[in-house]
Structures are given as C-alpha cells and as structure tokens.
Undergrad: 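The structure is given below, and queries will be raised subsequently.
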Amino acid sequence: MNSIILLTSFGILNLFIGFSKSKKIIMPLVLLFLAIVFVVNLTGWNDTQTYFERMLTIDNFAIAFTAVVVLTTILVLPFSQSYIDQQNDSLAEYYSLLLFSLVGAIMMVAYENLLMLFVGIEILSISMYILAGSDKKNLKSNEAGLKYFLMGSFATGILLFGIVLIYGATGTFYISEISSAATAQSNNELTSPLLGMGLLFTLIGISFKVSAAPFHFWTPDVYEGTPTFFMAFMSTVVKAAGFAGFYKLMSVSFAGAQNIWFPTLIAMAVVTLAIGNIGAVAQNSFKRMMAYSSISHAGYLMIALLSFNDRSENAIFFYSLAYSVSTVAALGILKLVADQRDDVSYNAFNGLGRTNPLLAAVMTISMCSLAGIPLTGGFFGKLFIFSAALEQELLWLIIVAILMAAVGFYYYFRVIIAMYMREPSGDRVPVGSVATFALIFMTVLTFVLGIAPGLLSNIL
Amino acid sequence: MNEIPEVIRTIPLQYYLFFSSTLFVIGIIGVLTRRNAIIIFMCIELMLNAVNLLLTAFSAYRSDANGQVFVFFIMAVAAAEVCVGLAIIVMIYRNLRSTDINILSNLKW
C-alpha cells in the first residue's frame, strides 16, 4: 500500500519537475524514487496487510511481484538516454506515466476483489495506450497506439462482461467468496451457465492482456510500432503483473472448478507455444521476433499456471524475473543499436562483437537466458516450471514445451551469429555510463539466478 | 413512489439478461465489422453500457450495493478511455486525414 501511495505522489511530483528547463535531473530523480519504492515495498515482507474493506491484500506474493515490476522499471529507465539528449519535451510525462502504470501493476498482483483487478488492469493499460502512440509523428507508432487501444478496450469490455456474469452466478466480487460458490456449482451436474460463460469471458479478457494465443494477434503489430524503450516496459511489466493476477484468480477463485477451465487452458498453452515459437522463426525483424518471443514465454508461464500446486507460485515468480531481466537487456541493446543504425532487423547487429564487445557479450548472455541454456536464469525458470508441471502429470505438455524451446534456439542464436560472424554494418555504438552499469547489473543478475537459483526459488 | 430497486424488479431478471447480452453482441459485431475507428469506439462503449445495465439489474435483484458501485468505476474508467482514445484518433487524423482503419497497414509482415 505504501508503494502505491509513494508511486502516485512521486508521479505527480515528477510532472512538476518536468517544468524545469534542464531535462538532465529527471532521470536520476525517477531512479531515486523507484529505489525508494523498491526498499519501502520490501520492508513489508512477512507482514500481511489488507486495505479498502479487504479489497487489496499486500502479502508476500504481492510484494514479490511488486519487487519484480519495480526492479524491471529501474533497469529499463537508463535506456531513455536518447530522449534526454534530444531534449524531448514530454520526458517527464513519459516517466510519470510509467510510475502511474506501476500502481496499476501493483493493484493487479494484490487484488482480493474483481473490482480492483479491473481498475488495476485499466490503470496499466490506459498508460500503455498513450506510451505505445507516444512517437506522434511516426505513423507506425500511431498505428500501434490505435491498434492497442481498440484491441485493449475491446478486451476490457469482454473481461467486464465475464466479471458481471460471475457476479450474477455467485453474488460477490471477492475472489475468496467466489471460490466457495464456484466449487459448489461446478461439482453439480448442472453447472450454472452463467458461471461457465462468465469464466470463459474473463479468461478471454485476461488472455488478451497477457497476449496468450488465440488472442495474441495484436502483439506483434503493437510491439513493432511502439518505441523500443516502451516496448521493453510493456513486454515485461505487463506480462509479469498480468500472469500474477491471472494465477491469483485461477488458484483462489476457480481452483475447485477445474473441470470447467482446465482443458481450455491446456489447449491455449499448446497453441500459444506453437504460434509464439514458429511465428518468431519467420521474422526478419529482431523487434518483431522479440514480440513473438514474448508470446512464446506467455506459453511457458501458462504451463506454470496449469500445474497449479505449491510450486507454481515460485515458478511464475522466478520465470518472470529471469524473463524480464533478459528481455530488458536485449531490448535495451536493440534501442542503443537502432538509435545509431536506424534499423531493427537482425542486420542491425552485424559485427557488433567487433565494434562493441560489451554489448555483444551482454546480448549473447540474455539470448542464452531466453533460450534457456544452463548457468543462466532462464534455464532454471524453465526447469522450475517443468518440474511443477511434472507433479501434475502433464508430461506430454512438457514434451511439447521442450520441442518448442528447441525451436527457440534457432531464432535466438541468429542474432548471436549476426553479431560475431558478419562484417560490421556501422560504427561503434555509443553507450551511456548508466546504461552500461544497468547492462552489467542485468548480466550479473542473470548469472546469479543461474548459478544460485536457491536464493530466490523458494521465497513464496 | 416505489424504491428504484423495486421498480427494477418489476421486470423479470431473464429479460435484463437477454437484453444486455443482445446489446453486448451488437457491440461485438460492430467492433468486428465496422471500419471507422470512431464507430468501433462507439461499439466498445455500447459493450460497456450493456455490462453496466446487467450489473445494475443483478445488484437490484440481489439487494447488494456492490454491483452498483462497480458501475461507477466502469463509468469513470470509460471516461478515461474516451480521453485517451479520442486523443489517439485525433493524432491519427492529423497525420493521415482519415480515421478509416484500413489505411493502417504499415505493420504487417
């Protein structure tokens, strides 16, 4: 709760700081704000508090995911250096929108009432609509903003209809109270059609937000058009918060009603994995490949959701952390490279190993982590998810996922080949000192997660 | 003068359900078939209003105020969405002089 209050007031304060002539002080200040929020958030560990008539519960689950999204934002920010160098007039507004959208993310992981879930999703999404279209003169960014907005509010409508039908069937918005009503109704021979339809619509609405197939089709277009800096935020924070909220809804409210949704979600997980990985293979644009890669990671996270035991919370947490860190590193480097070479395809990375050995090394490690190679965080993320799924006897699903992970090697390694085996296509890429520090930090974190996963694998 | 929930309850609940579902489906069909961004947007608002109506009906039938409070939140969020959405549509209109979504095909592979 303190983190929500702090983020809101820092966001407003930051808008006033935006009036100052110098754009240089804004980023250090926002980093300081976020560091304060990160620390304050962690002080509530092991101290469960409820707020607003039990509508929000800040427990360890919420604190852990808040830490993930705040840390991700801290790591994304250094890559906005080019906005500062260009003296972008809207810089403070961008940062404030990021801070406000984090409030939505926290509400999505801490909700106890579907009202808070809805408000959280909307706070996060509405900020993202603006940021997706923030490059006002660029037609691609305009198009991304409009597509994201139309698709997102369409999904909101469907989600709301689902929530209303669940309310009609159970008479409450509290997820713990829905649980008892849903369990009773689903064990009946005659499942209430209201509950079934409501659950279906809610699933569709949330799958839209976390870009799980078959509701993923907006993702590649929107991510490609969105400025890379905001794409790094969108593909990590929205996904981590979305899956935490999704998991909470399924595990608390509908654990007893598994017979209704389990087959649907299994089919969705398989389709998501297939479309994400096979779609990524066909891409020539690195940015679009990362969009498909984010779909495929949604597929792995759905397996954790399905396995649905005491390990899956930890698995989702660990996977989101490892995925967010590697994705931010990869997209941050893409931003630095694309600013100089004006290209987002694989060719932009040609010869980066010779011109910028550090960038190439960090990129290699983050690609290895995304592909799931041992000694990196991504490997243990996948391992935890698969071992959680194994307890649930979803062996064939794991085999599908491993085959798809093998497909992933192809497109992740294409960029490594471009970096080390092609002639350089441009000069040395300039990297700011804060960005260098962030990149090194992310590499170290990936290795720490990969060498000592026990540090964070059992905290929930 | 009857209380408003009593007035709402003079019509059977199924009728509200059918009416709201019809409105919602009209909204969905509109989103999927129309090609003008503003009309698509109006159809989305129609979907939200179908939800509001159904929430009010359920709330009155269950004598539970939570549903009506939810309606206020939906209205507030819908207003915020209108602000952002119309701003995005105006931005596109300035650049392209059109709000037809068929023009928007830069992002394909």
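Proteins come first, then strands; the chains are lettered A, B, ... in the order of their sequence lines, and each starts at number 1.
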Undergrad: Measure distances from A/Tyr148 to the heavy atoms of chain B and classify the residue's part below 4.5 Å as side chain, backbone, both or neither.
TA: neither
Undergrad: Sort out for me which of A/Ser285, A/Gly171, A/Gly133 touches chain B most, counting heavy-atom pairs under 4.5 Å.
TA: A/Gly171
Undergrad: Do the ring planes of B/Tyr61 and B/Tyr16 sit parallel (below 30°), tilted (30 to 60°) or perpendicular (above 60°)?
TA: perpendicular
Undergrad: Please flag which part of B/Leu54 lies under 4.5 Å from any non-hydrogen atom of chain A: side chain, backbone, both or neither.
TA: both
Undergrad: Let's test your reading of the structure: which of B/Met47, B/Arg94, B/Glu81 forms the most heavy-atom pairs below 4.5 Å with chain A?
TA: B/Glu81
Undergrad: Please look at A/Val164 and chain B and tell me whether the side chain, the backbone, both or neither of the residue comes under 4.5 angstrom of a heavy atom of that chain.
TA: both
Undergrad: Against chain B, label A/Ile123 side chain, backbone, both or neither, depending on which of its atoms sit under 4.5 Å from a heavy atom there.
TA: neither
Undergrad: Go through B/Ala57, B/Ser59, B/Cys43, B/Ala50 and name the one with the most non-hydrogen pairs under 4.5 angstrom from chain A.
TA: B/Ser59
Undergrad: Which atoms of B/Leu55 come close to chain A, meaning under 4.5 Å heavy atom to heavy atom: side chain ones, backbone ones, both, or neither?
TA: both
Undergrad: For A/Ala169, which atoms come within 4.5 Å of any heavy atom of chain B: side chain, backbone, both, or neither?
TA: backbone
Undergrad: Sort B/Ile101 into side chain, backbone, both or neither according to what part of it lies under 4.5 angstrom from a heavy atom of chain A.
TA: side chain
Undergrad: How long is the gap from OG on A/Ser294 to NE2 on A/His216, to the nearest 0.5 Å?
TA: 10.5 Å
Undergrad: Checking the side chain of A/Ser96 only, and the main-chain atoms of A/Gly11 only, is there a donor and an acceptor separated by less than 3.5 Å?
TA: yes
Undergrad: Any idea how A/Phe161 and B/Phe24 line up, ring-wise: parallel (<30°), tilted (30 to 60°), or perpendicular (>60°)?
TA: parallel
Undergrad: Less than 4.5 Å to any heavy atom of chain A: does that hold for the side chain of B/Val77, its backbone, both, or neither?
TA: both
Undergrad: Is there a donor-acceptor pair closer than 3.5 Å between any side-chain N or O of A/Tyr111 and the backbone N or O of A/Leu249?
TA: yes
Undergrad: If I measure from the heavy atoms of chain B, does A/Phe154 come under 4.5 Å with its side chain, its backbone, both, or neither?
TA: both
Undergrad: Between A/Leu131 and A/Thr226, is there a side-chain heavy-atom distance shorter than 4.5 Å?
TA: no
Undergrad: With a 4.5 angstrom heavy-atom cut-off, which part of B/Ile74 approaches chain A: side chain, backbone, both or neither?
TA: both
Undergrad: Looking at A/Glu224 and A/Arg288, is any side-chain nitrogen of the basic one under 4.0 Å from a carboxylate oxygen of the acidic one?
TA: yes
Undergrad: Does A/Gly152 offer a backbone N or O that forms a donor-acceptor pair with the side chain of A/Lys209 under 3.5 Å?
TA: yes
Undergrad: Hey, are A/Asn284 and A/Arg414 close enough side-chain-wise for a donor-acceptor pair under 3.5 Å?
TA: yes
